[in-house]
Amino acid sequence: MTTQDELRPTLTTEAGAPVADNQNTETAGVGGPALIQDQLLFEKLAHFNRERIPERVVHARGAAAYGTFTVTADLSQYTRAAFLSEVGKQTEVFLRFSTVAGNLGSADAVRDPRGFAVKFYTEEGNYDLVGNNTPVFFIKDAIKFPDFIHTQKRDPYTGSQEADNVWDFWGLSPEATHQVTWLFGDRGIPASYRHMNGYGSHTFQWQNEAGEHFWVKYHFKTDQGIRNLTQGEADKLAGEDPDSHQRDLRESIERGEYPTWTVQVQVMPAADAAGYRFNPFDLTKVWPHADYPLIEVGRLELNRNPENVFAEVEQSIFSPAHFVPGIGPSPDKMLQGRLFAYADAHRYRVGINADHLPVNRPHATEARTNSRDGHLYDGRHGRQKNYEPNSFGGPVQTGRPLWAATAVDGPTGNHATPAHAEDDDFVQAGNLYRLYSEDEKQRLIANLAGFIAKVSADREDIVERAVDNFRRADADYGQRLEAAVRELRKQ
């Protein structure tokens with residue numbers, strides 16, 4: 001008997017070769033880092049980065065400010081990063097906030113995750129921490145990122161965002177249930193950029209002078225207090241003042257009301273990772289604070305506005321691959337893809353010499369590379385040789401890796417993200433739902449139902465799959481959502 005899938009065309013690469021696995025990035029063993037030989041991953045990400053010009057494909061709508069980061073705790077037992085080396089040390093920063101799905105002309109007050117990208121201008125080079133205002137994300141593997149964002153952007157036929165596309169993908173991707181529960185809860189529409197937390201979201205590595213390494217997660221807790229908008233308040237504000245969040249940030253700094261965040265980390269000894277109840281490198285999961293309490297790191301203050309939005313905000317670039325000694329990546333498969341994709345996007349969008357622009361170049365040290373020429377090259381290297389090794393006094397390598405090596409084993413292959421003892425796609429979404437108050441639950445159900453109800457009348461299968469994911473997270477969650485969607489679809 002022929003199955004329905006056997007009647008469907010085969011997914012291929014751009015060269016026409018059949019795709020064996022479009023769900024999992026090829027890694028060095030189960031749980032290992034991504035392999036450059038996975039050309040499907042790089043083909044998808046590289047093509048995705050070039051789909052729009054000239055604005056960013058994602059995070060196009062943004063605002064930013066300069067400021068300072070001040071260390072408030074001794075962290076030398078965890079990392080050798082120089083900018084974290086002593087209490088009281090200050091480092092200049094540039095922080096860009098953004099919405100994710102909207103274009104450059106979209107409104108600020110919308111239900112969408114917020115980008116929270118910090119550039120630390122350290123004496124060892126720029127360190128970019130490119131996170132969001134949520135501690136988790138919709139997917140756990142970068143190979144699915146172009147697919148996910150395509151569902152959030154305009155449909156190629158209708159030219160509009162379509163509920164069918166959004167809920168079809170989320171329903172078929174149950175790992176998104178946790179982040180969707182965040183997004184449609186009260187924190188889904190912050191009242192301003194000043195009144196929201198930021199998170200590194202991914203797991204990163206810290207290494208100390210002794211060579212010991214740790215896994216860490218970053219938290220930026222707003223000192224202004226959390227404030228959010230209801231859907232009705234946001235709809236009104238977006239219509240009346242599309243620039244509300246950008247205006248609020250700029251004007252607060254102009255008034256001298258400098259927003260601040262307390263910076264904290266969760267630290268996991270490297271030896272804990274293999275046996276931890278959740279996969280510590282899964283971007284759809286959090287580490288409960290009872291397991292790994294928050295440790296204060298420092299204080300971040302924004303105190304200076306950019307002078308020119310295009311030159312400093314639009315042309316600013318951030319890359320998760322910009323590390324400094326003592327800080328490095330983890331085997332998080334989303335992070336592994338972003339190490340390539342962000343820098344590649346900026347080379348395309350801003351240009352190969354984007355790092356030479358004032359907002360992007362190191363402020364506390366000097367970049368010394370052998371890269372030359374290209375669009376807008378300023379000739380800064382003069383007569384210096386452009387190769388290494390050379391006998392003309394050119395820069396040399398240190399021979400000391402920036403971070404600790406990650407052990408890998410097993411055959412290469414398109415491995416799924418490893419599951420740990422308590423891993424599934426629903427447990428933390430259910431835990432989050434049960435943390436909400438009754439009022440918060442009612443608003444969550446109303447927000448979700450209002451969007452799911454927009455799915456086409458002849459696609460009840462999409463509705464059922466979407467609701468079923470929430471039912472699997474919590475029976476009450478699913479039951480209430482099903483009833484609310486049914487009532488709206490009768491109207």
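None of the values given here were measured: they were computed from a predicted structure. Just so you know, these numbers use all the heavy atoms, side chains as well, and skip hydrogens, waters and symmetry mates.
His245 places a side-chain N or O within 3.5 Å of a backbone atom of Pro190 that can act as its donor or acceptor partner. Without hydrogens or angle criteria, Arg111 side chain to Leu183 main chain gives a donor-acceptor distance under 3.5 Å. The main-chain N or O of Gly211 is never found under 3.5 Å from a side-chain atom of Arg80 such that the two would form a donor-acceptor pair. Within the 3.5 Å criterion, the main-chain N or O of Met196 finds a donor-acceptor partner in the side chain of Trp261. Panel note: side chain Ser201, backbone Thr134; a donor-acceptor pair is recorded below 3.5 Å. Looking at Glu233, its side chain does come within 3.5 Å of a backbone N or O of Thr230 through a donor-acceptor pair. Between the side chain of Gln336 and the main chain of Ala34, a donor-acceptor pair closer than 3.5 Å is present.
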>> Under the criterion salt bridge (Lys or Arg N to Asp or Glu O under 4.0 Å), I'd like the reasoning laid out for Arg247 against Asp108: C-alpha separation, chi angles, the key distance, then a yes or no.
In response: CA-CA 10 Å; Arg247 189 188 316 283; Asp108 290 336; over 6 Å; no
>> Would Asp332 and Ser330 count as a side chain to side chain donor-acceptor pair (under 3.5 Å) here? Give the steps.
In response: CA-CA 5 Å; Asp332 176 341; Ser330 76; 4.9 Å; no
>> Between Val286 and His178, does the side-chain contact (heavy atoms from CB on, under 4.5 Å) criterion hold? Intermediate values first, please.
In response: CA-CA 10 Å; Val286 297; His178 190 191; 4.2 Å; yes
>> Show, in sequence, the C-alpha distance, side-chain angles and deciding distance for His202 and Arg338, and conclude whether the side chain to side chain donor-acceptor pair (under 3.5 Å) test is met.
In response: CA-CA 11 Å; His202 297 286; Arg338 294 176 81 208; 2.6 Å; yes
>> Could you go through Asp355 and Arg347, starting from their C-alpha distance and side-chain angles, then the distance that decides it, and tell me whether this counts as salt bridge (Lys or Arg N to Asp or Glu O under 4.0 Å)?
In response: CA-CA 9 Å; Asp355 284 305; Arg347 294 184 191 105; over 6 Å; no
>> Trp287 vs His289, test: ring-ring contact (aromatic ring centres under 6.0 Å, His included). Steps then yes/no.
In response: CA-CA 6 Å; Trp287 302 352; His289 294 178; over 10 Å; no
>> Please determine whether side chain to side chain donor-acceptor pair (under 3.5 Å) holds for the pair Glu296 and Thr262, giving the CA-CA distance in whole Å, both sets of side-chain angles, and the decisive distance to 0.1 Å.
In response: CA-CA 7 Å; Glu296 184 171 320; Thr262 297; 5.6 Å; no
>> Show, in sequence, the C-alpha distance, side-chain angles and deciding distance for Asp141 and Lys144, and conclude whether the salt bridge (Lys or Arg N to Asp or Glu O under 4.0 Å) test is met.
In response: CA-CA 6 Å; Asp141 194 316; Lys144 298 306 298 178; over 6 Å; no
>> Pair Phe204, Trp403 - check ring-ring contact (aromatic ring centres under 6.0 Å, His included), show working.
In response: CA-CA 10 Å; Phe204 297 91; Trp403 57 82; over 10 Å; no
>> salt bridge (Lys or Arg N to Asp or Glu O under 4.0 Å) for Asp425 and Lys140? Distances and angles first, verdict last.
In response: CA-CA 11 Å; Asp425 292 327; Lys140 63 183 72 174; 3.4 Å; yes
> Are Ile462 and Arg465 close enough, and set up right, to give a side-chain contact (heavy atoms from CB on, under 4.5 Å), and what steps lead you there?
Replying inline: CA-CA 5 Å; Ile462 293 177; Arg465 274 195 304 271; 3.8 Å; yes
> Could you walk me through whether Gln224 and Thr260 pass the side-chain contact (heavy atoms from CB on, under 4.5 Å) check?
Replying inline: CA-CA 7 Å; Gln224 289 69 239; Thr260 64; 3.7 Å; yes
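Residues Lys285 and Asn279 are not in side-chain contact: their nearest non-hydrogen atoms beyond the backbone lie 4.5 Å or more apart. Side-chain contact check for Leu104 versus Glu314: some heavy-atom pair is nearer than 4.5 Å. Between Leu294 and His219, the closest side-chain pair of non-hydrogen atoms falls below 4.5 Å. A heavy-atom distance below 4.5 Å is found between the side chains of Arg154 and Asn103. Arg443 places a side-chain heavy atom less than 4.5 Å from the side chain of Asp439. Under the 4.5 Å side-chain criterion, counting only non-hydrogen atoms from C-beta, Val324 is not in contact with Phe120. With contacts defined as side-chain heavy-atom distances shorter than 4.5 Å, the pair Ile139/Phe169 qualifies. Using a 4.5 Å heavy-atom threshold, the side chains of Leu95 and Val118 count as touching.
Electrostatic pairing of Arg471 and Asp468 counts as a salt bridge here, judged by a charged N lying under 4.0 Å from a carboxylate O.
Around atom CZ of Arg434, more than 12 heavy atoms belonging to other residues, nucleotides or ligands sit under 6.0 Å away. The number of heavy atoms from other shown groups lying within 6.0 Å of CD (Gln479) does not exceed 12. Within 6.0 Å of CD in Glu254 there are more than 12 heavy atoms belonging to other residues, nucleotides or ligands.
Here Asp291 contributes atom CG and Gln266 contributes atom CD; the two are 8.5 Å apart, rounded to the nearest 0.5 Å. Note: Arg56 CZ to Phe318 CZ = 7.5 Å, rounded to the nearest 0.5 Å. Taking OG1 of Thr417 as the reference point, atom CG of Asp282 lies at 6.0 Å (rounded to 0.5 Å). Taking OG1 of Thr68 as the start and CG of Asn303 as the end, the distance is 5.0 Å to the nearest 0.5 Å. The structure places CG of Asp223 at 6.0 Å from CZ of Arg299, a figure rounded to the nearest 0.5 Å. For the atom pair CG (Leu75) and NZ (Lys89), the distance works out to 12.0 Å, reported to the nearest 0.5 Å.
When all heavy atoms of Asp128 and Ser319 are compared, the closest pair comes out as OD2-N, 2.9 Å. Minimum heavy-atom separation, Arg61 to Ala107: NE-C, 4.5 Å.
Taking the centre of each ring, Phe148 and Phe137 come in below the 6.0 Å mark. The distance between the ring centers of Tyr477 and Phe426 does not fall below 6.0 angstrom.
Checking each of Phe116, Tyr199, Tyr193, Phe69 against Phe220 for a ring pair (Phe, Tyr, Trp, His ring centres under 6.0 Å) leaves exactly one that passes, namely Phe116. Across Asp424, Thr284, Leu283, a single residue satisfies side-chain contact (heavy atoms from CB on, under 4.5 Å) together with Glu175, and that is Thr284. Checked against Phe214 for a ring pair (Phe, Tyr, Trp, His ring centres under 6.0 Å), the options Tyr78, Trp206, Tyr292 give a single hit: Tyr78. Of the candidates Glu301, Lys119, Glu312, Glu312 is the only one forming a side chain to side chain donor-acceptor pair (under 3.5 Å) with Tyr66.
Identified under the salt bridge (Lys or Arg N to Asp or Glu O under 4.0 Å) test for residues 201-213, with sequence neighbours left out: Glu209-Arg400.
When the side chain to side chain donor-acceptor pair (under 3.5 Å) test is applied to Gln90, the partners found at least two apart in sequence or on another chain are Thr70.
In this structure, Lys441 forms a cation-pi arrangement with Tyr433, its terminal cationic atom sitting closer than 6.0 Å to the ring centre and no more than 45° off the ring axis.
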